[in-house]
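Written out below as structure tokens is the structure these notes cover.
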Amino acid sequence: MQPGFLASELLLGRLYLVDTITGDPEVLQADAETYYEKLLKKSLSTPDVFSIPGRGEVKLEDSCVCFVPLYRNNPTCKLLLLTDPKDKETVLAVYLSQRWWPVEDVVKTADPARDGLILVQTFGERIVLFVLNCIIFGMLEGSSANDAFFLPHSATERAKILWRNGEAAAFYSVKMKGSLCGGTTSQCYLLPVLDTIFVQRKYRRGGLGMKMLHDFCQSFLAEDALGISCPISAAMYQVCQKFLQAHPEEQKRLWEVEAPGDWSQRLNIWLKIQMESSPSGKAEVGSCMEKASTTKPSQLDQMNKGVDCFPGVGQVAGDTKEKEDDRTAAGTLNSQGPEEENLVQSAGDAQQSKGLRKREGPGDLDGEKATKQFKTTP
């Protein structure tokens with residue numbers, strides 16, 4: 001943050017959530033819980049309506065407010081959300097620091113120093129990551145693309161947000177070498193793995209996917225091998241092809257992997273691209289991938305057994321046919337050439353959902369109980 005930035009922007013009244021949230025997360029959550037209790041008792045001294053630009057006023061009632069988990073496998077840390085009374089699946093705002101923040105403002109910044117790819121470190125940046133991941137992608141753009149949903153990231157997940165023109169335009173996350181593959185296994189990743197990557201629809205076709213893939217490779221120069229979580233989407237493969245053509249030195253390093261990423265669970269991405277350019281090569285690659293998927297289930301399938309999915313998304317089906325259908329859905333996007341960058345790469349932290357058009361309204365999170373599905377406003 002640039003010197004003098006906070007004072008000058010405060011005077012102008014242009015600060016956003018990520019620029020101001022500096023308190024203890026536990027204190028902020030306690031404040032939200034106190035506010036919620038007052039809302040239930042109808043004892044608020046503040047106005048009982050929330051004004052949203054272009055949408056008018058929304059009456060603040062307990063039926064439109066709920067808590068959701070901020071982190072994966074950690075139901076104790078929660079965010080208070082406001083939903084549309086007319087559409088309980090639509091998230092309108094987030095409550096923090098004694099005020100409501102419209103969803104579109106949560107992913108904005110007034111700090112000119114916050115530009116380009118920045119490592120997620122602060123609590124405010126974790127909230128921005130959550131909104132990008134679980135609201136903007138998970139509830140609006142992702143559901144309209146291929147019904148793939150990202151789970152919340154863990155509190156320690158390595159991730160970078162790509163800031164552009166004062167807004168969080170994209171993000172990617174990495175499973176670090178040596179980190180656990182999941183909460184139900186003792187296996188650890190054997191190499192760094194690019195796990196999730198997302199570009200907001202309005203920022204696509206601008207080379208951001210290439211930029212993040214290049215940053216991922218440059219962040220682990222000492223590693224002989226780097227992974228991208230299996231299955232890789234069609235759009236992500238286009239980005240990989242374009243990137244590896246521009247950076248041939250990375251062709252031997254990038255692998256499509258299943259956790260934990262030993263050599264029997266890797267397929268060289270450049271080799272697969274070259275083989276699929278010919279009919280015989282394509283058949284051979286397909287045979288190899290089918291064999292791998294039938295002889296050794298993906299870590300994703302193993303991790304999802306008995307794990308509550310966020311939000312309202314069912315667990316991956318147990319039988320082989322449904323698993324294959326889920327993998328097909330995860331790897332299929334509307335691909336119209338590399339420049340389209342209709343980029344959504346989901347694997348280790350993604351869940352597949354089919355037939356989830358009818359959903360109930362959101363409810364408060366209780367222990368391990370999964371919350372319901374939301375979508376954000378355009």
Verify the cluster assignment for [X] and [Y]: are they in a single hydrophobic cluster under the rule of side-chain heavy atoms below 4.5 Å apart?
X: Leu226; Y: Leu221; result: no
X: Leu82; Y: Leu40; result: yes
X: Leu213; Y: Met176; result: yes
X: Leu129; Y: Tyr16; result: no

State, with a plain yes or no, whether a side-chain heavy atom of [X] is found less than 4.5 Å away from one of [Y].
X: Val103; Y: Leu92; result: no
X: Leu70; Y: Pro152; result: no
X: Leu96; Y: Trp101; result: yes
X: Lys272; Y: Gln241; result: no
X: Phe50; Y: Pro102; result: yes
X: Cys64; Y: Asp84; result: no
X: Leu17; Y: Asp105; result: no
X: Val199; Y: Met212; result: yes

Between [atom1] on residue [X] and [atom2] on residue [Y], distance to nearest 0.5 Å:
X: Ile135; Y: Leu81; atom1: CD1; atom2: CG; value: 5.5 Å
X: Gln187; Y: Cys181; atom1: CD; atom2: SG; value: 5.5 Å
X: Cys77; Y: Gln29; atom1: SG; atom2: CD; value: 5.5 Å
X: Leu117; Y: Leu208; atom1: CG; atom2: CG; value: 8.5 Å
X: Ile21; Y: Arg126; atom1: CD1; atom2: CZ; value: 16.0 Å
X: Ile136; Y: Phe130; atom1: CD1; atom2: CZ; value: 11.0 Å

Mark yes or no for whether [X], through its side chain, and [Y], through its backbone, hold a donor-acceptor pair below 3.5 Å.
X: Gln200; Y: Ala168; value: yes
X: Ser179; Y: Lys175; value: no
X: Arg164; Y: Asp115; value: no
X: Asp19; Y: Ala110; value: yes
X: Thr196; Y: Tyr172; value: no
X: Arg114; Y: Thr109; value: no
X: Asn133; Y: Leu151; value: yes
X: Asn268; Y: Ile273; value: no
X: Gln251; Y: Leu244; value: yes

Testing the basics here: between [X] and [Y], what is the closest heavy-atom pair and its distance to 0.1 Å?
X: Ser229; Y: Val193; answer: OG-CG1, 3.2 Å
X: Ile269; Y: Cys240; answer: CG2-CB, 4.0 Å
X: Arg266; Y: Gly261; answer: NE-O, 2.6 Å
X: Trp100; Y: Leu80; answer: CZ3-O, 3.7 Å
X: Ile118; Y: Ala113; answer: CD1-O, 4.2 Å
X: Pro260; Y: Gln265; answer: CD-OE1, 3.1 Å

Exercise. Considering residues, nucleotides and ligands other than Glu26, do more than 12 of their heavy atoms fall under 6.0 Å from its CD?
Worked result: no
Exercise. Within a radius of less than 6.0 Å around CD of Glu61, do more than 12 heavy atoms belonging to other residues, nucleotides or ligands occur?
Worked result: yes
Problem set entry | Trace of the side-chain contact (heavy atoms from CB on, under 4.5 Å) decision for Asn74 with Ser154 | CA-CA 8 Å; Asn74 183 6; Ser154 69; over 6 Å; no
Exercise. So, is the end of the Lys78 side chain (NZ or CZ) under 6.0 Å from the ring centre of Phe67 and within 45° of the ring's axis?
Worked result: yes
Does the pair [X]/[Y] count as a salt bridge with the N-to-O cut at 4.0 Å?
X: Glu157; Y: Arg72; result: no
X: Glu167; Y: Lys202; result: yes
X: Asp215; Y: Lys160; result: yes
X: Asp224; Y: Lys252; result: no

Problem set entry | Parallel, tilted or perpendicular: rings of Tyr95 and Tyr35 (30°, 60°) |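 Parallel.
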Exercise. So Phe171 and His153, would you call those rings parallel, tilted or perpendicular, with 30° and 60° as cut-offs?
Worked result: perpendicular
State whether a side-chain donor-acceptor pair under 3.5 Å links [X] with [Y].
X: Glu125; Y: Gln121; value: no
X: Tyr237; Y: Glu256; value: yes
X: Asp262; Y: Ser264; value: yes

Exercise. Salt bridge (charged side-chain N to carboxylate O under 4.0 Å, His left out) with Glu223: which residues, sequence neighbours excluded?
Worked result: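 Result, salt bridge (charged side-chain N to carboxylate O under 4.0 Å, His left out) vs Glu223: Lys177.
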For this session: Given side-chain contact (heavy atoms from CB on, under 4.5 Å), test Cys217 with Arg253 step by step and report yes or no.
Result: CA-CA 9 Å; Cys217 292; Arg253 283 216 303 163; 3.8 Å; yes
Exercise. Does the ring centre of Trp255 sit less than 6.0 Å away from the ring centre of Trp270?
Worked result: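 Centroid separation for Trp270 and Trp255: 6.0 Å or greater.
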For this session: Would you please test Leu194 and Ile197 for side-chain contact (heavy atoms from CB on, under 4.5 Å) and show each step?
Result: CA-CA 8 Å; Leu194 193 158; Ile197 183 169; 4.0 Å; yes
For this session: Start with the C-alpha gap between Ser97 and Thr20, add the side-chain angles, then the distance that decides, and say whether side-chain contact (heavy atoms from CB on, under 4.5 Å) holds.
Result: CA-CA 9 Å; Ser97 194; Thr20 60; 5.9 Å; no
